[in-house]
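Chain naming here is simple, since letters A, B, ... match the order of the sequence lines and numbering starts at 1 in each.
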Amino acid sequence: MSAPAPAAPMPAAPMPAAPADTPPPKIRVRGLTKRFGPKLVLDALDLDLPARHSLVVIGGSGSGKSVLIKCILGLIEPDEGAIEIDGRNVLAMSREEREAVNAHMGMLFQAGALFDSLPVWENVCFGLLAKNEIGRCAAREKAVEILSRVGLTPDVAALYPAELSGGMQKRVALARAIAAQPDIIFFDEPTTGLDPIMGAIIDSLIVDCVRRLGATAFSITHDMASAKRIADSVAMIFKGKIIWRGPSAEIDHPGNPYVEQFVKGQKDGPIQMEVRR
Amino acid sequence: MLDMLAAVGRGTFGFLSTIGTVALFAATALGHSVRPPFYWRNFIRQCIDIGYFSLPVVALTAIFSGMVLALQSYTGFARFSAEGAVATVVVLSMTRELGPVLAGLMVAGRIGAAMAAEIGTMRVTDQIDALTTLSTNPFKYLVVPRLVAGTLMLPLLVLVADILGVMGGFLVGTAKLGFNSGAYMARTWEYLEAEDVVSGLVKAAVFGFLVALMGCYHGYRSRGGAQGVGAATTNAVVSASILILIFNYIITELFFAR
Ligand SMILES: Nc1ncnc2c1ncn2[C@@H]1O[C@H](COP(=O)(O)OP(=O)(O)O)[C@@H](O)[C@H]1O
Ligand SMILES: [Mg+2]
């Protein structure tokens with residue numbers, strides 16, 4: 001900061017409007033805390049995500065990555081902290097306002113979470129049908145078009161999710177996440193459980209879709225190859241906090257022993273795996 | 001001693017807090033049921049599932065109950081030469097008690113379990129969260145159609161059960177016990193009042209609501225994979241059955257203990 005006035009007190013009440021050249025980050029998380037019973041999962045976590053940026057959060061299993069995303073999406077109520085989207089605190093919003101904000105977000109769930117009672121085309125256009133943006137006849141055609149963007153043929157549209165392979169389910173889930181043209185898309189471990197080739201295909205589809213939509217992407221993974229392909233920048237979560245953040249090119253030389261151990265997959269280092277709880 | 005008191009206190013507290021969360025769940029669902037959108041497709045699917053596909057089991061239960069009722073009351077009443085009351089006993093027992101209670105219990109086993117399993121699976125596979133991210137309120141989409149369908153369909157089932165139960169009694173009465181068919185039907189209508197049938201239908205509506213509520217509640221709150229869904233299913237059936245028996249007494253008291 002180049003402010004010359006010595007120790008000028010911050011103006012107390014309303015925050016000064018951000019100058020036009022620095023828009024607020026798309027997502028700003030401050031002091032986010034979440035406990036499940038005695039267990040502290042998120043510990044005053046801070047995170048900024050600029051618009052049209054692709055952030056990948058890495059971290060061990062059970063480190064709270066999914067909980068973080070679910071807090072931002074409003075699926076889990078955090079205990080403390082603030083979450084701003086486009087500069088507006090979503091935790092203070094009424095349900096209607098919150099639903100309006102959520103309508104601009106898409107999510108690819110860890111296990112796909114496709115509706116198994118509905119055929120693929122209805123899964124893909126579920127959000128559009130819910131918002132009454134489209135009739136059921138048009139939805140079928142629209143679904144075929146969106147499916148083609150994730151490399152699936154029209155005949156898949158009539159199948160049920162249980163009839164698809166894991167890789168195809170991921171593609172359908174991706175198609176569903178992008179169908180409503182969201183501004184922000186969340187990807188929870190998009191390549192976990194896929195073979196390396198299918199993983200690479202899904203990654204490239206993700207990069208492609210995000211770029212085409214001009215969306216902001218927030219992904220979670222512990223697959224380092226996938227992180228490098230998707231990310232503009234990478235952040236590592238450990239013990240409920242973001243302990244490191246840097247451009248994806250730096251991930252192999254992070255200069256942080258925790259990140260180094262995680263990225264290289266070494267069993268000895270500062271991170272001790274908690275065997276219990 | 002103190003340990004025991006503490007355990008009793010904990011138990012009471014747990015019980016009351018469960019009643020509280022169930023009541024809150026029901027209130028939330030009712031709040032959503034009066035605000036659009038209403039998911040007609042889901043509602044109709046549930047109506048078919050509850051009303052139509054439960055018909056065979058409810059029908060069988062009702063026919064055999066009516067038959068056994070006629071047989072039992074005949075042999076029982078013969079001891080004090082009151083065999084003539086068989087038709088009346090059958091129709092009053094069916095409409096007031098057995099129709100709604102047996103249909104309720106059967107539907108609790110069939111529908112309550114299915115609802116808990118389906119919603120529970122959706123919960124543990126993140127499908128309920130997925131609904132929320134796709135601009136769809138899970139209460140409106142999943143819970144409200146089931147509650148409304150349960151409340152409306154069970155009275156219809158019970159009406160069918162009443163008719164078939166009386167028919168079962170009629171079959172045994174005329175074919176086995178030697179009643180004249182015209183006389184049997186006349187005795188059936190003679191003492192039957194609208195209140196008997198109406199009280200049974202009111203019971204049915206309440207039981208239908210309770211079965212759907214327990215199925216949705218336990219499914220919605222299930223945790224931890226297949227085992228959690230299994231537990232939710234069991235809890236839904238057991239709690240719905242117990243609530244049916246408790247509310248059966250309460251409603252009977254409200255209608256007839258005046
Ligand atoms: N609904 C919940 N109830 C209780 N504990 C939970 C819940 N969701 C997550 N947790 C706990 O929070 C921790 C972080 O979970 P999660 O965010 O899913 O991990 P991951 O980083 O692998 O995605 C885990 O230890 C998990 O047991
Ligand atoms: Mg996770």
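Residue A/Asp203 holds its CG atom at 12.0 Å from CG of A/Asp208, rounded to the nearest 0.5 Å. In this structure, the separation between CD1 on A/Ile206 and CD1 on A/Ile202 is 6.5 Å, given to the nearest 0.5 Å. How far CG of A/Asp188 is from CG of B/Asp126: 8.0 Å, rounded to the nearest 0.5 Å. Going from atom CD1 of A/Ile27 over to atom CG of A/Leu55 covers 8.5 Å, rounded to the nearest 0.5 Å.
Taking chain B as the reference chain and counting heavy-atom pairs below 4.5 Å, the highest number among A/Lys70, A/Met107, A/Lys131, A/Arg136 is found for A/Arg136.
Considering every non-hydrogen atom in both B/Ile119 and B/Gly219, the closest pair reads CG2-C, 3.7 Å.
Distance alone, capped at 3.5 Å, places no donor-acceptor pair between the A/Arg98 side chain and the A/Met93 backbone.
Both the backbone and the side chain of A/Arg176 come within contact range of chain B, with heavy atoms under 4.5 Å apart. In this structure, chain B has heavy atoms under 4.5 Å from both the backbone and the side chain of A/Phe115. Heavy atoms closer than 4.5 Å to chain B are found in both the backbone and the side chain of A/Ala103. With a threshold of 4.5 angstrom between heavy atoms, A/Leu114 approaches chain B through N, CA, C or O but not through any side-chain atom. Looking at A/Asp116, the atoms closer than 4.5 Å to chain B (heavy atoms on both sides) sit in the backbone and in the side chain alike.
Residues of residues 19-45 of chain B placed with any heavy atom under 4.5 Å of a heavy atom in chain A are listed by number as B/His32, B/Arg35, B/Arg41, B/Arg45. Residues of residues 129-146 of chain B placed with any heavy atom under 4.5 Å of a heavy atom in chain A are listed by number as B/Asp129, B/Ala130, B/Leu131, B/Thr132, B/Thr133, B/Leu134, B/Ser135, B/Thr136, B/Asn137, B/Lys140, B/Tyr141.
Residues B/Lys203 and B/Thr252 have side chains that bring a donor and an acceptor to within less than 3.5 angstrom of each other.
In this structure, A/Lys34 and A/Asp79 have side chains that are in contact, with non-hydrogen atoms separated by less than 4.5 Å.
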Step by step, work out the side-chain contact (heavy atoms from CB on, under 4.5 Å) result for B/Ile250 and B/Val206.
CA-CA 11 Å; B/Ile250 295 174; B/Val206 173; over 6 Å; no
